[in-house]
Amino acid sequence: MPEPLRLEVLYGLQQAEPWLRIFEPPQVRRMVRDLAGTTTLVSAVTDEQMCPRSTVAVRRLLTRVRTAVQAAHAEYTGTALAKDDILDLRALGQRSRTPAGIRTPKTVDLRTIRQRWLRDLLRTWTIQQRPGADEFGRTLRGVELASQALAPRPGTDDPARLRYDDVTAVVDSFRTALKLDGEPADSAYRMSIASHFFALIDYSRRSGTTEDLSAAFVRDPAAHRIAQEEANEDEIGKAIPEPVIRQLDAHLDLLGQGKARGQRTLAPADLQLMYRTLSSRSSLRWGSSSPARWARRCWWTHRPRG
């Protein structure tokens, strides 16, 4: 390969390797052969025009290599996307948990975040910390919700004027957050985006990224807690049909038979009575309509995990 193409390909492969997860030398050799006649990867020519005879897999590899090279060239010339309001996460080295890696260029338009200080904070954190896809997604969602909550409140464009009430407004938006598809979000999701957002604020204080960030803009562990939703016991185990429950109730006399705990110390009749008594008393304690329904709830509570 001619210079500088040879160096560009070597650099691009080095940077793109973490995105690939599976590195296939045959595709690299095919890409090198197909690049015959090319002088540089930094151009406005499309991948299809640059390698018209390549397979889809080879062009996908070429796209990743060119993305890395073009990002480095933009950084060298001072026109890197990371310095603007459009982030190319793949160029920043973001990884995916899928075996295929990040297949298409993934960009994020930070202009949807209305507060400049919050936009700059997210951009700086992304560039310096290089978060994974999941961590970035939850943090971005938290920042977007916080931006929407702060937008109608006066003075929130200036980080020095933020108040304790502004934190409350942000947390209230987390408490009523929806998923990206518009469906209701559970408490675990809401707690997650709140945790990621305030972790970003803590990063800003530690690193000094946001100058003059108000000391009053801090979460109160008690007042700003997002309550965890309790499982609805009436909904647990609904997959068991009522006829099956009635059948279980009709065979309570079988409780305590077979291989049951206490078999070595209790007589069979006493063992059976013990199991029936425990089932009935626990059924009354938990407000269940039948011992079988109570047993089903006990199984759900103590079910094997993982």
Side-chain angles (χ1 to χ4, degrees), residues 1-113 116 119-140 143 203 207 209:
M1 285 184 162
E3 302 290 353
L5 178 63
R6 183 177 64 85
L7 297 177
E8 291 176 352
V9 171
L10 287 174
Y11 174 82
L13 289 173
Q14 181 189 45
Q15 298 300 311
E17 189 272 335
W19 310 338
L20 300 175
R21 296 295 181 91
I22 301 176
F23 192 86
E24 301 185 47
Q27 292 185 3
V28 178
R29 290 193 289 267
R30 174 65 185 271
M31 181 185 70
V32 171
R33 290 195 301 267
D34 293 346
L35 284 174
T38 303
T39 57
T40 178
L41 299 179
V42 183
S43 66
V45 178
T46 64
D47 297 340
E48 290 76 9
Q49 293 172 337
M50 188 171 291
C51 295
R53 298 181 180 179
S54 294
T55 63
V56 174
V58 172
R59 281 201 297 267
R60 186 181 301 133
L61 174 63
L62 175 63
T63 299
R64 290 165 175 161
V65 170
R66 294 190 69 191
T67 297
V69 172
Q70 290 171 350
H73 182 266
E75 184 177 358
Y76 175 77
T77 57
T79 59
L81 290 175
K83 295 182 180 179
D84 301 325
D85 287 328
I86 304 296
L87 287 180
D88 188 336
L89 301 179
R90 194 177 63 174
L92 292 175
Q94 185 181 94
R95 300 190 181 189
S96 172
R97 294 186 302 176
T98 61
I102 302 177
R103 295 190 173 184
T104 58
K106 184 172 180 58
T107 60
V108 177
D109 189 349
L110 299 182
R111 289 172 294 185
T112 58
I113 303 172
R116 168 58 66 177
R119 190 187 312 170
D120 293 341
L121 171 58
L122 179 63
R123 181 176 60 250
T124 302
W125 171 78
T126 304
I127 296 172
Q128 294 184 355
Q129 299 300 309
R130 304 293 177 91
D134 292 340
E135 182 182 5
F136 177 82
R138 293 296 175 96
T139 304
L140 175 63
V143 170
Y203 164 81
S207 62
T209 300

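FYI, side chains are in, hydrogens and waters are out, and symmetry mates aren't considered; it's all heavy atoms of this structure.
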### Query
Taking side chain as C-beta onward, heavy atoms only, is Thr124 less than 4.5 Å from Tyr203?
yes
### Message
Keeping Thr40 on the side-chain end and Val42 on the backbone end, is there a donor-acceptor pair under 3.5 Å?
### Response
yes
### Task
Answer whether the closest heavy-atom distance between the side chains of Arg123 and Ile127 falls below 4.5 Å.
yes
### Query
Within a strict 4.5 Å, meaning less than it, do heavy atoms of the Met31 and Val9 side chains meet?
yes
### Query
Hey, are Asp34 and Arg53 close enough for a salt bridge, meaning a charged N less than 4.0 Å from a carboxylate O?
no
### Message
Strictly below 4.0 Å, N to O, side chains only: are Arg116 and Asp120 in salt-bridge contact?
### Response
yes
### Query
Do Val108 and Leu110 have side-chain heavy atoms sitting under 4.5 Å apart?
yes
### Leu41 side chain near Val69 side chain, heavy-atom distance below 4.5 Å
yes
### Message
Does any part of the side chain of Arg29, heavy atoms only, come nearer than 4.5 Å to the side chain of Val32, both counted from C-beta?
### Response
no
### Task
Please answer whether the main-chain N or O of Gly12 pairs with a side-chain N or O of Gln15 as donor and acceptor at a distance below 3.5 Å.
no
### Summary
Interatomic distance, CG@Leu35 vs CE@Met1, rounded to 0.5 Å, equals 4.5 Å
### Query
Is there a donor-acceptor pair closer than 3.5 Å between any side-chain N or O of Gln27 and the backbone N or O of Val58?
no
### Task
Kindly give the heavy-atom pair with the smallest separation between Glu135 and Pro131, and that separation in Å.
OE1-CB, 3.7 Å
### Task
Nearest 0.5 Å please: distance from the CG atom of Leu87 over to the CG atom of Asp109.
9.5 Å
### Task
Answer whether the closest heavy-atom distance between the side chains of Val56 and Arg60 falls below 4.5 Å.
yes
### Message
For the CD atom of Gln14 and the CG atom of Leu10, what is their distance to the nearest 0.5 Å?
### Response
8.5 Å
### Query
Under 4.5 Å between any side-chain heavy atoms of Trp125 and Ser207, yes or no?
no
### Query
Side chain of Arg66, backbone of Ser43: donor and acceptor closer than 3.5 Å?
yes
### Message
Tell me the closest heavy-atom pair linking Ala68 and Tyr11, and the distance in Å.
### Response
O-CE2, 3.8 Å
## Note on the structure
Closest non-hydrogen contact found for Leu62 with Cys51 is CD2-SG, 3.7 Å
### Task
Determine yes or no for a side-chain-to-main-chain donor-acceptor pair under 3.5 angstrom, with Arg59 supplying the side chain and Ser54 the backbone.
yes
